[in-house]
Amino acid sequence: MGELKVTCDPEDVGLDSARLRRIDAHFAPYVDDGRLPGWLALVSRRGEIAHLSAYGSRDVASGAPVEPDTLFRIYSMSKPITSVAVMMLYEEGLLELTDPVSRHLPAFADVRVYEKGPAFSPVTRPAAEPVRVWHLLTHTSGLVYGFQHVSVVDELYRRAGFDRGAPRGMGLAEAVDRWAELPLLFEPGTQWNYSVATDVLGRLVEVVSGRPLDEFLSERIFRPLGMDDTGFWIDGERAGRMATLYSADRHRRAVPMDTRGAELRRPSFLSGGGGLISTAGDYHRFTQMLLRGGELDGVRLLGPRTVAYMTRNHLPGGADLEEFGRPVFAEVPYAGVGFGLGFAVVRDAARHRTLSSAGEFSWGGAASTAFWVDPAEELTVVFMTQLLPSDTHPIRSRLRQLVYQALL
């Protein structure tokens, strides 16, 4: 929706121009020495874009630069979008947070919990508590990701073909049914563990709304917000704007990956947890909607009380992820950070050990993308790049330091 550009003098919204340029000075060497292919950083305050910078290439081989309209795989930055979709259905009275998921997805009627034993002969027991919608939104369901490599349950997922994504040709409905057959890592609600839960929420959206997930997101979120470049795949006309995906080698340098044009066709597995492609401008509009309490440019997706409820800590007893969770990302400081309905939430900025505000909410993607919204400072930040995995470099913590030091 319109050209992405700076819309104000940074000083007019309480930011120091010279200090903002420290963002560029810090991250430019990441490109110069091969740690990143290229990047884009966007800082907005009080609804105005105060800083927009890009450096490096969306494709190193061709030299094509990162530009404001470059398309990026946002991976797990899809999760907040799917969570918003679920809460839109909640606001319509079509589900409750306390609903057993089996009410909508019958495969979850008889879930079991892992007790002991190796992957080839696991011992399980019936779950004492059903998996509920609230558990999926907060990652307290007991589901896992196969790529985590920390438990027997992870190994069971990999044996079933679920390492990164689903087996070739498998659709979302089939994948969800298969996950329901695999044991949970723990009793629902007793721990936090990052997982396929948001993909299950994507299927929940389909069943409750009666629409395929891609259609629901397009019709109810992307089109109304003017997020015209966001979706699960792109058409051929936009292929030249797509950033190449890179992975880190043993020296933590970016090397290109061959995605075999997967982004050019509709995937059989519509991953609400990690399948979306977007631009910095589109995701900026999504963050602005959240900052404004569910509304942007006269379009309201959620009520302000719903957004406030989603972005408070929902972990039992006000616990943080260090106390209640099973951390899986080395670069994320878990102390002082709780989890809401689709977002990490800063609970205690001092314990967080990173410049931030209590109430700031955020998440990031596997290819080192990141965003956060700080209601106290009326601040939103979006950072786009394409390097797997996300903990290769301390991008997110350094970016916070560099943004907050620029506040006047």
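Please read all numbers here as calculations on a predicted model, not as lab measurements.
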#### Entry: Plane angle bin for Trp192 and Tyr194 - parallel if under 30°, tilted between 30 and 60°, otherwise perpendicular
parallel
### Query
For Asp199 and Ser271, which heavy atoms make the closest approach, and how far apart are they?
OD1-OG, 2.7 Å
### Query
Is the charged tip of Arg211 near the ring of Phe216: under 6.0 Å from the six-membered ring centre and within 45° of its axis?
no
### Task
Determine whether more than 12 heavy atoms belonging to other residues, nucleotides or ligands lie under 6.0 Å from atom OH of Tyr90.
no
### Given Val84, Leu291, Leu302, the one that forms side chain to side chain contact (heavy atoms under 4.5 Å, CB included) with Val307
Leu302
### Task
Mind running side-chain contact (heavy atoms from CB on, under 4.5 Å) on Thr198 and His139 for me, showing each step along the way?
CA-CA 8 Å; Thr198 315; His139 287 286; 3.6 Å; yes
### Query
Going by the side chain to side chain donor-acceptor pair (under 3.5 Å) test, which pairs reach into residues 299-310, not counting sequence neighbours?
Glu91-Thr306
### Query
Between Arg159 and Glu155, is there a salt bridge with N-O shorter than 4.0 Å?
yes
### Message
Within the supplied structure, the quantity of interest is the number of heavy atoms (other residues, nucleotides, ligands) at a distance under 6.0 Å from Asp32 CG; does it exceed 12?
### Response
yes
### Task
Evaluate side-chain contact (heavy atoms from CB on, under 4.5 Å) for Asp9 paired with Ser17, printing each intermediate quantity in order.
CA-CA 8 Å; Asp9 185 324; Ser17 299; 4.2 Å; yes
### Message
Once ring-ring contact (aromatic ring centres under 6.0 Å, His included) is applied, what residue pairs with a partner in residues 270-303 remain, sequence neighbours excluded?
### Response
Tyr283-Phe286, Tyr283-Phe371
### Query
Can you name the salt bridge (Lys or Arg N to Asp or Glu O under 4.0 Å) partners of Glu11, sequence neighbours left out?
none
### Partner residues of Asp59 under the salt bridge (Lys or Arg N to Asp or Glu O under 4.0 Å) criterion, sequence neighbours left out
none
## Note on the structure
Taken in chain and number order and not counting sequence neighbours, the residues that satisfy salt bridge (Lys or Arg N to Asp or Glu O under 4.0 Å) with Arg19 are none
### Query
Which heavy-atom pair separates Leu301 from Pro224 by the least distance, and what is that distance?
CD2-CB, 4.4 Å
### Message
Please check this pair: side chain of Asn313 against backbone of Ala319, looking for a donor-acceptor N/O pair closer than 3.5 Å.
### Response
yes
### Message
Please verify the inter-ring angle class for His314 with Trp134; under 30° counts as parallel, over 60° as perpendicular, anything in between as tilted.
### Response
tilted
### Distance-minimising heavy-atom pair for Phe162 and Pro167
CE2-CD, 3.5 Å
### Message
I'd like to know if the side chain of Arg353 reaches the main chain of Ala335, judged simply by a donor and an acceptor atom lying under 3.5 Å from each other, with no hydrogens or angles considered.
### Response
no
### Backbone N/O of Gly240 and side chain of Arg58: donor-acceptor pair under 3.5 Å
yes
### Task
Without swapping roles, check the side chain of Ser102 against the backbone of Pro106 for a donor-acceptor pair under 3.5 Å.
no
### Message
In terms of relative ring orientation, are Phe383 and Trp39 parallel, tilted or perpendicular, with 30° and 60° separating the classes?
### Response
parallel
### Query
What is the minimum heavy-atom distance between Asp24 and His51, and which atoms define it?
OD1-NE2, 3.0 Å
### Message
Under a 3.5 Å distance rule, please check whether Asn193 uses its side chain to pair with a backbone N or O of Leu143 as donor and acceptor.
### Response
yes
### Query
Between Arg203 (side chain) and Val176 (backbone), is there a donor-acceptor pair under 3.5 Å?
no
### Task
Answer yes or no: does atom CZ of Arg241 have more than 12 heavy-atom neighbours from other residues, nucleotides or ligands under 6.0 Å?
yes
#### Entry: Side-chain H-bond candidate by donor/acceptor type, Asp229 with Thr279, under 3.5 Å
no
### Query
Can you name the one residue among Asp374, Leu20, Leu15 that meets side chain to side chain contact (heavy atoms under 4.5 Å, CB included) with Leu407?
Leu15
## Note on the structure
For Ser278 and Asp282, the nearest pair of non-hydrogen atoms, with its separation, is OG-CB, 3.4 Å
### Message
Tell me whether His135 contacts the main-chain N or O of Arg132 through its side chain, where contact means a donor paired with an acceptor under 3.5 Å.
### Response
yes
### Query
Where the side chain of Thr140 meets the backbone of Gln191, is there a donor-acceptor pair that is under 3.5 Å apart?
no
### Under 3.5 Å donor-acceptor, Thr385 side chain and Ser368 backbone
no
### Task
Please step through side-chain contact (heavy atoms from CB on, under 4.5 Å) for the pair Leu137 and Met87, ending with a clear verdict.
CA-CA 10 Å; Leu137 285 161; Met87 296 307 290; 4.0 Å; yes
## Note on the structure
Closest heavy-atom pair, Ala254 versus Arg35, reported as atoms and distance to 0.1 Å, is CB-O, 3.9 Å
### Task
Before giving the answer on ring-ring contact (aromatic ring centres under 6.0 Å, His included), spell out for Phe339 and Trp363 the whole-Å C-alpha distance, their side-chain angles and the decisive distance to 0.1 Å.
CA-CA 10 Å; Phe339 207 84; Trp363 205 240; 5.6 Å; yes
### Query
Should we count CD of Glu92 as having more than 12 external heavy atoms under 6.0 Å?
yes
### Message
Going by side chain to side chain donor-acceptor pair (under 3.5 Å), name the pairs with one or both residues in residues 250-260, residues two or more places apart or in two chains.
### Response
Thr259-Glu263
